Novice: 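Sharing a structure with you now.
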Amino acid sequence: MKKIITIGEILVEIMADTPGNGFLQPIALTGPYPSGAPAIFVAQAARIGQPCGMISAVGDDDFGRLNLNRLAADSVDISAIAIDPERPTGSAFVRYRPDGARDFVFNIAHSATASIRLTDAGRALIAGADHLHLVGTSLAAPAMQALALTVAELVKAQGGSLSFDPNLRKEVLHLPGVRDTALSVLALTDLFLPSGEEVYVGTEAPTEAAAVAAHLARGVRAVVLKRGAAGASYHDPETALTHPGFKVTEVDPTGAGDCFGAAFTALWLRGTPAADALRLACAAGALAVTRRGPMEGAGTLAEIRAFAASNPET
Ligand code: ATP
Ligand code: MG
């Protein structure tokens, strides 16, 4: 089985119990939940049975321990997750507005995430890796940009593959260096996992189909487009497939993209036919939105299969 590694942020998420606007008065909160897009990805891939590891850093605090315990329980290799004695573990407070938009209070830029370095443990993890997954959110910090590219180049140079979920909200895309780094990562990408407008990153294409074609022409082996409740589509130079979303009651959409991407990537690395991988990835994404907390809905392969078999599609 191919080993997947990732590099990026680990944080806790603390959620408001009721929808509303922001955090300007005392409100009931639930959390901390383990989180961070790359951490959600490896937790889900590991639950499916893929060997996984992560390069990151947490603080010497309960938010860090909560995440380390969770990743270890899911059998993720945590040997390259450093414990920063000075900075706290990252956090995100999130509250949904009545219209579904979200307000956040982040402590990420000045958290342990800012101290992620390539240590001996990280180099050892890379040496044993077959695949690297990168997420756009991890590219916000300038120090992470060079590091992510270095790791991508190392994994590719030893014959490994790369998946990239641009996950680039407009606020992030305009930070210094983010777009250029995303383009450099894209140039090394084998499996591209955009959502919505992100498919246009790095192209001048007028339509979604033209953007997909441009990525494939430049050497991306497969593009998988996430469409929220509407499901997803898969494109490689020979094949185009779509799968509808599964009908579920959405409780918390955070983490759906990462669970979807992890399920697809793990199955793709095993050589699962694209149609099956797409269907099970849609099921993994749908399962993720049925639970509160970014990784709480991550299922095992048996759970994902059972869900896909017993739930209607939209
Ligand atoms: P994120 O907010 O985590 O970045 P994303 O935009 O990357 O998410 P989505 O398209 O929201 O990704 O979700 C990924 C996949 O999960 C979708 O392609 C779909 O298959 C499934 N999914 C997401 N939301 C729902 C939903 N409400 N109902 C059914 N399936 C869903
Ligand atoms: Mg996304």
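As a basis for the values below, the full set of heavy atoms in this structure was taken, side chains included, without hydrogen atoms, waters or symmetry mates. None of the values given here were measured: they were computed from a predicted structure. Counting starts at 1 for both ligands and their atoms, following the listed order.
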Novice: Does a sphere of radius 6.0 Å around CD in Q158 hold more than 12 heavy atoms from other residues, nucleotides or ligands, not counting ones at 6.0 Å or beyond?
Specialist: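 Result for CD/Q158: enclosed.
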Novice: Tell me whether ligand 1 is touched by R169 - counting only heavy atoms on the residue side and a distance under 4.0 Å.
Specialist: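 So R169 counts as touching ligand 1.
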Novice: With atoms numbered from 1 as shown, which atoms in ligand 1 lie under 4.0 angstrom from a non-hydrogen atom of N167?
Specialist: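 It comes down to these atoms of ligand 1: 4 (O).
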Novice: What I want to find out is whether R279 reaches D276 closely enough, with some N-O distance under 4.0 Å, to be called a salt bridge.
Specialist: no
Novice: Going by heavy-atom distance to atom 9 (P) of ligand 1, choose the closest among G228, A230, G261.
Specialist: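 Minimum heavy-atom distance to atom 9 (P) of ligand 1 goes to G228.
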Novice: Measure the spacing between CZ of F260 and NZ of K226 and express it to the nearest 0.5 Å.
Specialist: 7.5 Å
Novice: Once salt bridge (charged side-chain N to carboxylate O under 4.0 Å, His left out) is applied, what residue pairs with a partner in residues 66-82 remain, sequence neighbours excluded?
Specialist: K3-D77, R47-D74, R70-D74, R70-E296
Novice: For A286, counting its heavy atoms only, list the atoms of ligand 1 lying under 4.0 Å from any of them.
Specialist: 21 (C), 29 (C), 30 (N)
Novice: Is it true that V248 lies under 4.0 Å from ligand 1, counting heavy atoms only?
Specialist: yes
Novice: Return yes or no for this condition: an N or O of A232 is under 3.5 Å from an N or O of ligand 1.
Specialist: no
Novice: Need the ligand 1 atom indices (1-based, order shown) with element for anything under 4.0 Å from a heavy-atom of R227.
Specialist: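 Taking each heavy atom of R227 in turn, ligand 1 has 10 (O), 18 (O) under 4.0 Å.
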Novice: Mark up the atoms of ligand 1 that fall under 4.0 Å of a heavy atom belonging to G255, in ascending order.
Specialist: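 Result: 3 (O).
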Novice: Taking 4.0 angstrom as the limit, do D103 and R97 come out as a salt bridge?
Specialist: yes
Novice: Is K226 in polar range of ligand 1, meaning some N or O pair under 3.5 Å apart?
Specialist: yes
Novice: Any chance the side chains of T137 and N167 put a donor and an acceptor closer than 3.5 Å?
Specialist: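 Distance-only check fails for T137 and N167.
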Novice: Which of the numbered atoms in ligand 1 are under 4.0 angstrom from any heavy atom belonging to S195?
Specialist: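 So the atoms of ligand 1 that pass are 5 (P), 6 (O), 7 (O).
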Novice: Is R123 salt-bridged to D120, going by a charged N under 4.0 Å from an acidic O?
Specialist: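 A salt bridge is absent here (no side-chain N lies under 4.0 Å from a carboxylate O).
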Novice: Would you tell me which option among G285, G136, A283 has the nearest heavy-atom contact to atom 16 (O) of ligand 1?
Specialist: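 Going through G285, G136, A283 one by one, G285 has the nearest heavy atom to atom 16 (O) of ligand 1.
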Novice: With respect to G257, determine whether any N or O atom, backbone or side chain, lies less than 3.5 Å from an N or O atom of ligand 1.
Specialist: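 Between G257 and ligand 1 (N or O atoms, distance only) the closest approach is under 3.5 Å.
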Novice: Could you list which atoms of ligand 1 come closer than 4.0 Å to a heavy atom of C282?
Specialist: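 With C282 as reference, the close atoms of ligand 1 come out as 20 (O).
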Novice: Does V289 reach ligand 1 with a nitrogen or oxygen that is under 3.5 Å from one of the ligand's nitrogen or oxygen atoms?
Specialist: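 Not met; the criterion fails.
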Novice: Out of all atoms in ligand 1, which are within 4.0 Å of some heavy atom of G231? Include the element for each.
Specialist: 17 (C), 18 (O), 19 (C), 20 (O)
Novice: Assess, by modelled atom type and distance only, whether the side chains of T207 and Y200 contain a donor and an acceptor separated by less than 3.5 Å.
Specialist: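 There is no such pair between these side chains.
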Novice: H131 vs W268 aromatic rings, parallel, tilted or perpendicular, using cut-offs 30° and 60°?
Specialist: perpendicular
Novice: Please confirm whether D165 comes within less than 3.5 Å of ligand 1 when only nitrogen or oxygen atoms on both sides are compared.
Specialist: no
Novice: Between F246 and F307, is the ring centre distance below 6.0 Å?
Specialist: yes
